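Comments concern the structure below.
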Amino acid sequence: MPKINPKLKRYNTMTSKEIRRIFLDFFKEKSHQIVPSAPLVIKNDPTLMFTNAGMNQFKDFFLGNKPVTYSRIADTQKCLRVSGKHNDLEEVGIDTYHHTFFEMLGNWSFGDYFKKEAIDWAWELLVVRYKLDKDRLYATVFGGDKGDNLPADEEAFEFWKQYLPEERILFADKKDNFWEMGDTGPCGPCSEIHIDLRNDAERAKTPGRELVNQDHPQVVEIWNLVFMQFNRKNDGSLHALPAQHVDTGMGFERLAMALQGKTSNYDTDVFTPLIDFIANAAATNYGKDRKKDIAMRVMADHIRAIAFAIADGEMPSNNKGGYVIKRILRRAVRYAYTFLDFQVPFLYKLVPILAAQFAETFPELKSQEEFITKVIKNEEDTFLRTLENGLKRLEHEMEHLESHEIPGKVVFELYDTFGFPADLTALIARENHFTIDEKGFEQAMGIQKERSRKDAISETDDWQFVQEDKSINVDFLGYDTLQASAKIVEYRKIARKKQSFYQIVLDQTPFYAESGGQVGDTGYIQAHSNGEKIEVIDTQKENDLIIHITKKLPTDIYSSFDCVVDAKRRKNIKGNHSATHLLHAALRHVLGTHVTQKGSLVAPNALRFDFSHFAKMSEEEILAVEGEVNQKIRENIELQEMRNVPIEQAKQMGAMALFGEKYGDFVRVIIFDKEHSVELCGGTHVASTGEIGYFKIVSEASVASGVRRIEALTAQAAEDYVQNELAQIQEIKNLLKGSKQITKDISRILDEKSELQKKIELYENQVAQTIKKQLLETCEKLENGINFIAQKVELPTANHIRQIAFELEHQVDNLFLVIATPIEGKPQIAVMLSANLVSDKGLNASKIVRELAKEIKGGGGGQPFFATAGGKDVSGLDNVIEKAKTML
RNA sequence: GGGGGAUUAGCUCAGUUGGCUAGAGUGCUUGCAUGGCAUGCAAGAGGUCACCGGUUCGAAUCCGGUAUUCUCCA
């Protein structure tokens with residue numbers, strides 16, 4: 001049973017919603033801009049798949065890649081952590097305070113306030129506003145590091161002394177109190193606030209300071225204040241950042257635990273609605289059985305991660321981020337299945353609870369509730385089937401095993417190939433008095449990991465700055481021009497699998513970097529100084545940098561360059577992108593407004609559009625959509641492009657924003673008739689729809705549960721496609737001697753064909769019957785009672801040999817039959833024996849046929865009573881018959 | 001991105017080292033039985049064994065490639 005600490009009971013009434021609101025209101029008072037959470041799924045950043053901290057969306061501010069819009073910001077950020085120093089996926093749910101998905105409350109200063117205000121306000125919020133017991137609070141500060149040549153953070157220590165006695169301020173080492181984003185990037189010392197939630201008796205027994213940072217479930221960190229002042233380079237060295245920043249993060253769920261007087265995150269109102277529902281459905285109570293409790297925590301935690309990830313566009317799949325989501329989901333199903341006996345999909349039923357819970361804070365769940373539910377249910381179905389199949393396989397293995405140890409190879413195969421969890425294998429093995437070879441399993445797993453890792457090796461060098469003044473504020477000129485003059489700002493080399501290429505950042509560029517589905521531009525840059533031409537093979541975006549990818553580095557990197565985009569290619573891309581917008585609008589008209597974009601590819605030769613919809617589109621619907629798009633093309637609607645529109649205004653104009661897409665405060669709006677298509681979009685478009693020329697849907701298919709994909713062509717490609725189809729029809733007409741009713745003719749021809757086939761079959765059967773009669777007439781009754789038939793005959797097909805043989809076997813007792821016949825120039829023989837000859841006289845058709853086959857230079861086999869053989873020498877058929885006569 | 005598996009009747013799947021006329025269950029059609037239904041009995045239709053190529057006297061089965069799909073790792 002969840003224990004309530006009586007001392008903390010008076011705060012029990014503060015709901016999680018209030019806690020969140022108080023936090024945001026507090027920092028609003030302190031002149032912070034409150035911003036929405038960034039999507040959980042990260043695009044354009046190779047180092048990160050999911051947002052794992054509140055600061056992710058501000059990374060470019062810290063790096064100086066992007067000008068700061070507000071110097072003070074606060075928000076609550078959706079975060080996902082599935083690996084890290086204290087948070088392995090396999091550990092979540094075992095204890096009561098780690099999560100995959102969580103909210104991070106944070107406040108930021110970008111070159112504005114620093115340590116003093118950060119500490120003052122943290123104290124004010126926790127003690128004055130939230131009224132936490134100050135005697136339970138501890139602070140840690142950075143104690144310095146010799147390796148990095150850094151002193152202890154005495155400054156922070158001094159500020160804390162105003163509020164806390166010295167014995168509750170602890171110095172900690174680099175591992176705990178020096179925050180780093182990754183191997184490289186912004187970093188700095190940090191100061192953490194911990195809270196001791198134990199009861200008085202325990203607090204009297206052991207001082208809280210001895211339990212800080214010791215993984216005690218009730219002495220936990222609640223707030224981390226990071227003082228960002230360095231940038232770590234690839235070589236490990238630290239460099240001072242141009243300005244000092246504050247980055248803080250407070251775990252929302254833990255804060256709720258502290259404020260609601262609970263000893264577990266799962267006992268707060270963030271989780272109880274989920275836990276209650278699960279317990280009820282499983283016909284059990286939370287807090288009664290340790291294993292069941294763990295399962296319920298796993299489910300309650302994981303459903304949040306899965307639902308939010310799907311809402312932000314990350315579908316369960318078999319690679320990258322999608323695979324992470326799938327693994328989380330499967331872990332939840334596995335616990336539900338094993339410990340709570342859920343044999344049918346269940347997790348999806350939790351989605352409505354979550355959606356209602358977060359309707360105000362994160363409305364993306366509510367508005368996609370049906371879709372998310374469907375995706376999860378489908379995935380649950382798939383996995384339960386996988387489990388079932390795996391179970392069958394495992395049982396089969398155990399039946400056929402000689403020893404009572406299941407080899408590691410088998411355990412691994414079950415896991416690797418059939419997705420059957422190894423711990424489940426172990427469990428079932430134990431129940432059946434088997435053991436598993438864990439060592440062998442680990443070994444096989446190691447080989448698999450090594451292989452994958454080897455493949456992924458790539459080396460990325462540090463950025464080399466070409467210009468002294470690193471004011472990267474790159475202008476994209478490509479909306480207005482396809483040619484421009486520019487200088488290199490920075491570059492770096494990337495090596496991967498014996499191949500190497502360069503990434504170049506220019507101070508301004510007409511090259512469009514891949515984003516929003518539109519592929520990156522190609523073209524070339526040419527040095528003014530020596531005329532050297534370097535091909536740009538792709539353009540990518542990393543965070544907000546436009547990166548030109550080349551195979552070669554210009555010899556003169558200090559030159560200015562003519563940058564030229566492949567214009568013809570871009571023209572096709574533009575047409576496809578505008579067509580995509582028209583398609584999106586048409587789909588919403590024809591199918592309904594539940595249609596939202598789930599993915600898009602805009603390439604020069606084709607376009608692909610994925611959208612949420614729950615059924616296969618009918619022929620009529622496809623035609624209607626295609627027709628509407630072409631109608632809009634013929635209307636030749638002029639493009640209305642608006643840059644730098646405040647996002648609120650854009651939304652008022654009815655612009656469609658996508659879930660899981662990060663938008664700034666100012667956006668670009670693309671309009672083709674304000675009554676028809678208004679979208680937020682950074683891509684390139686035609687000046688008027690007539691340029692698209694013609695639009696043709698080529699395929700409609702499913703990509704995932706609830707997601708359909710349309711592939712289409714425009715302009716020349718669409719015309720070529722139609723021409724090609726027409727040419728084929730013409731060819732058919734020509735074959736039909738200029739028929740005007742080809743479908744009717746073809747179906748008539750097909751009917752005739754099957755009729756003729758039947759007639760031929762009938763005729764062939766008659767021939768075969770005649771031959772059978774002839775064979776019967778040649779039947780000799782030998783002295784030993786055997787009815788002997790051996791003849792060379794002419795049969796229509798190979799199948800007839802079998803047919804006649806089986807029929808004769810029914811008609812004649814004690815039969816010894818040899819048929820020899822040429823089929824399409826090749827000799828074929830068959831031997832049929834009555835069953836009693838096989839059992840009584842030890843005759844074997846297979847052996848006989850092999851012996852006979854020598855005469856036709858071939859081989860054969862079959863069963864003891866019937867066997868066939870083929871060969872190469874037709875002239876030997878007569879010898880076969882002669883030889884057969886001698887065999888009795 | 002790198003491994004492994006699967007693809008056989010409308011659906012779910014068998015098919016043992018290459019040699020049954022490629023099967024089962026379910027569904028479908030028809031007939032029979034019961035007043036009707038659930039159902040029972042009988043008969044029947046339905047397969048380019050994913051596709052392309054190779055090895056072989058012979059390939060659903062072995063080998064290579066393609067497509068689709070499942071699965072694990074990064």
Side-chain angles (χ1 to χ4, degrees), chain A residues 46 49 82-83 316-324 326-327 330 378-379 381-390 392-393 396 399-400 409-422 425 441-442 444-458 496-497 499 699 701-705 754 757 761 765 768 797-810 820-832 835 844-850 852-874 876-877 880:
Chain A
M49 288 191 292
V82 283
S83 58
S317 75
N318 57 2
N319 53 35
K320 297 271 159 61
Y323 183 57
V324 173
K326 187 162 145 181
R327 253 170 53 191
R330 295 198 160 200
N378 187 273
E379 195 57 36
D381 271 323
T382 309
F383 185 51
L384 287 168
R385 205 163 43 233
T386 299
L387 286 181
E388 214 176 292
N389 287 337
K392 249 191 262 170
R393 255 170 204 286
H396 184 264
E399 273 170 35
H400 290 81
K409 212 178 122 193
V410 173
V411 179
F412 181 72
E413 193 198 18
L414 273 166
Y415 175 64
D416 181 58
T417 304
F418 303 104
F420 197 75
T425 303
F441 173 77
E442 292 300 333
M445 192 70 166
I447 295 169
Q448 154 100 315
K449 285 190 176 181
E450 186 49 38
R451 196 174 30 225
S452 294
R453 207 168 293 137
K454 227 174 180 173
D455 176 73
I457 289 173
S458 79
R496 200 184 129 76
K497 279 190 191 172
Q499 279 195 325
S699 83
S702 161
V703 270
S705 161
S754 76
Q757 237 167 7
E761 222 171 285
N765 284 340
T797 75
N799 263 344
H800 286 98
I801 305 176
R802 282 201 183 93
Q803 198 188 319
I804 290 175
F806 275 85
E807 283 179 17
L808 286 173
E809 195 268 332
H810 282 301
T821 179
I823 303 285
E824 286 168 10
K826 279 186 173 180
Q828 195 89 29
I829 51 180
V831 176
M832 171 63 90
N844 187 317
S846 191
K847 280 180 188 160
I848 294 168
V849 89
R850 254 192 281 272
L852 296 175
K854 286 177 184 165
E855 299 301 322
I856 51 169
K857 292 181 180 146
Q863 295 110 308
F865 73 97
F866 177 73
T868 59
K872 290 172 183 167
D873 185 8
V874 194
L877 283 173
V880 169

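All values derive from a computational prediction rather than experimental measurement. Residue numbers start from 1 in every chain, and the chains themselves are labelled A, B, ... in the order their sequence lines are given, proteins ahead of strands.
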Where the side chain of [X] is concerned, which of [options] is the nearest nucleotide?
X: A:T386; options: B:U71, B:U21, B:C13; answer: B:U71
X: A:N318; options: B:C72, B:G19, B:G4; answer: B:C72
X: A:K320; options: B:A74, B:U71, B:G2; answer: B:A74
X: A:R327; options: B:G4, B:A74, B:U21; answer: B:A74
X: A:M445; options: B:G3, B:U71, B:C72; answer: B:C72
X: A:S452; options: B:A74, B:C72, B:U71; answer: B:A74
X: A:T382; options: B:C72, B:G4, B:U71; answer: B:U71

Quick check for you: to the nearest 0.5 Å, what is the distance between [X] atom [atom1] and [Y] atom [atom2]?
X: A:I829; Y: A:L852; atom1: CD1; atom2: CG; value: 5.0 Å
X: A:L384; Y: A:N389; atom1: CG; atom2: CG; value: 11.0 Å
X: A:T821; Y: A:I804; atom1: OG1; atom2: CD1; value: 8.5 Å
X: A:M832; Y: A:I848; atom1: CE; atom2: CD1; value: 12.5 Å
X: A:F420; Y: A:F412; atom1: CZ; atom2: CZ; value: 15.5 Å
X: A:Q448; Y: A:R453; atom1: CD; atom2: CZ; value: 10.5 Å

Roughly, in whole Å, what's the span from [atom1] in [X] to [atom2] in [N]?
X: A:N389; N: B:G5; atom1: CG; atom2: C1'; result: 12 Å
X: A:F418; N: B:U69; atom1: CZ; atom2: P; result: 19 Å
X: A:R385; N: B:C70; atom1: CZ; atom2: P; result: 9 Å
X: A:Y415; N: B:G3; atom1: OH; atom2: C1'; result: 13 Å
X: A:E379; N: B:C70; atom1: CD; atom2: C1'; result: 11 Å
X: A:N319; N: B:U69; atom1: CG; atom2: P; result: 13 Å
X: A:Q448; N: B:G4; atom1: CD; atom2: C1'; result: 8 Å
X: A:R850; N: B:G18; atom1: CZ; atom2: C1'; result: 12 Å

Show the nearest heavy-atom pair for residues [X] and [Y], with the distance to one decimal.
X: A:V411; Y: A:A422; answer: CG1-CB, 4.1 Å
X: A:G419; Y: A:F383; answer: O-CE1, 4.0 Å
X: A:P421; Y: A:L387; answer: CD-CD2, 3.8 Å
X: A:A869; Y: A:V849; answer: CB-CG2, 3.7 Å

If we take the [atom1] atom in both [N] and [M], what is their distance in whole Å?
N: B:U61; M: B:A50; atom1: P; value: 8 Å
N: B:C20; M: B:G3; atom1: C1'; value: 38 Å
N: B:G27; M: B:G10; atom1: C1'; value: 7 Å
N: B:A6; M: B:C13; atom1: C1'; value: 13 Å
N: B:A22; M: B:A59; atom1: P; value: 14 Å
N: B:A33; M: B:C70; atom1: P; value: 49 Å
N: B:U12; M: B:G54; atom1: C1'; value: 33 Å
N: B:G1; M: B:G46; atom1: P; value: 44 Å

Original post:
Is the shortest side-chain N/O distance from A:K454 to OP1 or OP2 of B:G1 below 4.0 Å?
Top reply: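 For B:G1, OP1/OP2 do not have a side-chain N/O of A:K454 under 4.0 Å.
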
Original post:
B:C72 phosphate, OP1 or OP2: any side-chain N/O from A:R330 under 4.0 angstrom?
Top reply: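 A:R330 to B:C72 OP1/OP2: side-chain N or O found under 4.0 Å.
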
For nucleotides 58-67 of chain B, which of its nitrogen or oxygen atoms have a protein nitrogen or oxygen under 3.5 Å away, and what is each distance?
from: B:G58; atom 1: OP1; to: A:K826; atom 2: NZ; distance (Å): 3.3

**OP:** Could you check A:F383 against A:P827 and say which one's nearest nucleotide on RNA chain B is further toward the 5' end?
**Re:**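 On the 5' side of the pair lies A:P827.
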
Subject >> A:R393 vs A:F412, nearer the 5' end of RNA chain B by closest nucleotide >> reply: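 Nearest-nucleotide comparison on RNA chain B picks A:R393.
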
Original post:
Do A:R393 and A:F418 meet the cation-pi criteria used here (NZ or CZ under 6.0 Å from the six-membered ring centre, within 45° of the axis)?
Top reply: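 The answer is yes, since A:R393 meets both limits relative to A:F418.
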
Original post:
Base, sugar-phosphate alone, or nothing: which one does A:K326 contact when heavy atoms must sit under 4.0 Å apart?
Top reply: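 Sugar-phosphate contact only - A:K326 comes under 4.0 Å of backbone atoms but never of a base.
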
**OP:** Report the C-alpha separation of A:R330 and A:T382 in whole Å, then their side-chain angles, then the decisive distance to 0.1 Å, and conclude whether the side-chain contact (heavy atoms from CB on, under 4.5 Å) test is met.
**Re:** CA-CA 10 Å; A:R330 295 198 160 200; A:T382 309; 4.1 Å; yes

Original post:
Any donor-acceptor pair under 3.5 Å between the side chain of A:D416 and the base of B:G5?
Top reply: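 By the distance-only test, no, there is no pair.
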
Subject >> Consecutive Watson-Crick or G-U pairs in runs of at least 3, all under 3.5 Å, in which RNA chain B is involved >> reply: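 So far as stems of 3 or more pairs are concerned, RNA chain B shows B:1-7 with B:67-73, B:10-13 with B:23-26, B:28-33 with B:39-44, B:50-54 with B:62-66.
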
